[in-house]
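First comes the structure, then the notes that go with it.
This chain uses plain numbering: 1 for the first residue, then up along the sequence.
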Amino acid sequence: MELLPCVVTGEVTPELLERLSVERDRINTQIGTLVDTRDRLDAIIAAATTTFRTGRPCP
């Protein structure tokens, strides 16, 4: 794993702040994608559970 320059030198630069912001944005995008995927999976589980309990096919 690569150490951030500020860990080695203690120096904070505009480039470092930009790099950290870009990484935060990337992580936020991943989180949003994961939340959407989880929500779709929850809907599939709910539909499958209903089918299992009622014997009726999934809508």
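If you take CG on Leu20 and CD on Glu15, they are separated by 11.5 Å, rounding to the nearest 0.5 Å. Rounded to the nearest 0.5 angstrom, Ile45 CD1 and Thr50 OG1 are separated by 12.0 Å. Put simply, CZ on Arg24 and CD1 on Ile31 are 11.5 Å apart, with the number rounded to the nearest 0.5 Å. To the nearest 0.5 Å, atoms CG (Leu34) and CG (Asp39) are separated by 11.0 Å. Atom OG1 of Thr49 and atom CD1 of Ile44 lie 11.5 Å apart (nearest 0.5 Å).
Evaluated for a side chain to side chain contact (heavy atoms under 4.5 Å, CB included) with Arg38, the options Val35, Asp36, Leu41 yield exactly one hit, Val35.
Every residue two or more places apart in sequence or in another chain that forms a side-chain hydrogen bond (donor to acceptor under 3.5 Å, both in side chains) with Gln30 is listed here: Arg26.
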